[in-house]
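This report refers to the structure that appears directly beneath it.
Throughout, a chain's letter reflects where its sequence line sits, starting with A, and its residues are numbered from 1.
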Protein chains: 2
Amino acid sequence: MAKLDFSPIADTTRRAEIVALLRRAILTGQLEPGQKLNELRIAEQMRVSRAPLREAMRELVQEGILTSIPYAGTFVIDVTAKDIDDAYSLNKVLDEFAIDRTWKLRDQRFFNELDRRHEAVKQATRALDTTRQIETALQLHGLIYEWADNSVLLETWQRLTSRLQMYFALHQRARNEPVPADYVHETYVRLLKGNDMRAAQRHAREHIDLDFEELLAYTRGLEKRAGS
Amino acid sequence: MAKLDFSPIADTTRRAEIVALLRRAILTGQLEPGQKLNELRIAEQMRVSRAPLREAMRELVQEGILTSIPYAGTFVIDVTAKDIDDAYSLNKVLDEFAIDRTWKLRDQRFFNELDRRHEAVKQATRALDTTRQIETALQLHGLIYEWADNSVLLETWQRLTSRLQMYFALHQRARNEPVPADYVHETYVRLLKGNDMRAAQRHAREHIDLDFEELLAYTRGLEKRAGS
DNA sequence: TCTTGTAGGATTGTCGACAATCTGCTTGTC
DNA sequence: GACAAGCAGATTGTCGACAATCCTACAAGA
């Protein structure tokens, strides 16, 4: 018999679909930070009852992109400069760890996947699809986490990813211009293929710092506006 | 007017109470790994309807201590040696980061709180209350995370804590004898009060390794039993 | 004028019932 | 006896309605 890998079939609960829809709306910035989610309205729009919607919202609260206040409502989290700073500084540490753990496990499949994801980023960049560009860039970056063979680390990264994607999307919407940032990934991929682990780790740090500076500048602007 | 700090009043939703009850049952080992949670039965026992119970369970699924399979049920997560290994190796990295970030922020209040939590551990140890001993030890350990002034790091730690507490509780139940492990905390506290950050970080690593070895040995036993 | 009490409407939290799905057993056929 | 089809029974997923709570506006009183 031919060896054939079947992927698991899609989750068929409404709840799972609602989670996906809401997450996407939040991470692409369609739902703005601080905005309240009216259960009845959303349930009507999605043509579902409030029960699965509420369960979906609980999941996203635990995922860290919604926040809930009893009897008051559920809101998209606010984005402060400090949150971004916190997320990024933790990300640096995790990157270093992930690269360390992945390093010995790299094989041809890893390199192929790396190229594939890199290509996806470049394609999205050429197509000027900023949302997809952010998504693919984070997926490229996430490969070291998937490869590190540490489930807890991977979970942590996925939680962080949600926030990062949200931050980048907001940043994008504000600037409303495509990001080049292509050569940076070029170097990143090259170093991950090479033999100098410390160099790769160092680059990851610096690469992150780069994006981070831009984000912070944007967010500081946000807070000035909110404070006025 | 006298300055008085009021703490926020407790959440009064059934959901929040159910979450607390379930979490406690899982983390103390009353609900065993792999065990299925029957919604109807639990709802009847708690005298609540299934709606808030299900929402509570979704939260715990996202928290990582329950796992859900659509139309099959929700189960307490299984504990494998690899999971523990993963959690601990990540914990080492986070500890180092947390100590680094906390170091400059230490003040008298920090030291006082450190002593207070240390005292709580010793008290639980003297009282032979192993459940409370685990709880207080993790709280002592968690202080550097609370003090590090990084909300994302703190969240990550809290997620890890849930698992660690569960692991320790299982370990305890299996051995059924009180752990001394008192002097270890003594050293930990002393180093956190001192002036040598690297020494504190190094100790945190070694301290963790110690507990970890015991846990792993226990869990390997578990898997042999399950495999037979 | 400021504070306090009080409806009214809107929204969230909870409940009980129904629909969809899974599991194990029985039955019938070969 | 082996195996597939199909039928309960139990359990999860979803729905619509009710209860509890909050926010707003407005009126009454100091």
Base, sugar-phosphate, or nothing: which does [X] touch, judged by heavy atoms less than 4.0 Å apart?
X        : result
Leu37(B) : sugar-phosphate
Arg14(A) : sugar-phosphate
Arg50(B) : base

In whole angstrom, give the distance that lies between atom [atom1] of [X] and atom [atom2] of [N].
X        : N       : atom1 : atom2 : result
Arg58(B) : dT14(D) : CZ    : P     : 9 Å
Arg54(B) : dT14(D) : CZ    : P     : 7 Å
Tyr71(B) : dA19(C) : OH    : P     : 14 Å
Glu39(B) : dA17(C) : CD    : P     : 17 Å
Ile42(A) : dT12(C) : CD1   : P     : 9 Å
Arg47(B) : dT14(C) : CZ    : P     : 17 Å
Leu53(A) : dG16(D) : CG    : C1'   : 15 Å
Glu44(A) : dC15(D) : CD    : C1'   : 14 Å

Between [Y] and [X], is the closest basic N to carboxylate O distance under 4.0 Å?
X         : Y         : value
Glu63(A)  : Arg159(A) : no
Glu135(B) : Arg132(B) : yes
Glu113(B) : Arg116(B) : yes
Glu17(B)  : Arg14(B)  : no

* To do: Return the nearest nucleotide to the side chain of Asn38(B); candidates are dT11(D), dT14(D), dT14(C).
  => dT11(D)
* Asked: What nucleotide, of dT14(D), dT14(C), dT12(C), holds the atom closest to the side chain of Arg15(A)?
  -> dT14(D)
* Position toward the 5' end of DNA chain D (nearest nucleotide), Gly73(B) or Ala72(A) -> Gly73(B)
* Could you check Lys36(B) against Ala51(B) and say which one's nearest nucleotide on DNA chain D is further toward the 5' end? => Lys36(B)
* To do: Verify the contact: side-chain N or O of Ser49(A) to OP1 or OP2 of dT14(D), cut-off strictly under 4.0 Å; return yes or no.
  => no
* Do other residues, nucleotides or ligands put more than 12 heavy atoms under 6.0 Å from Gln158(A) CD? -> yes
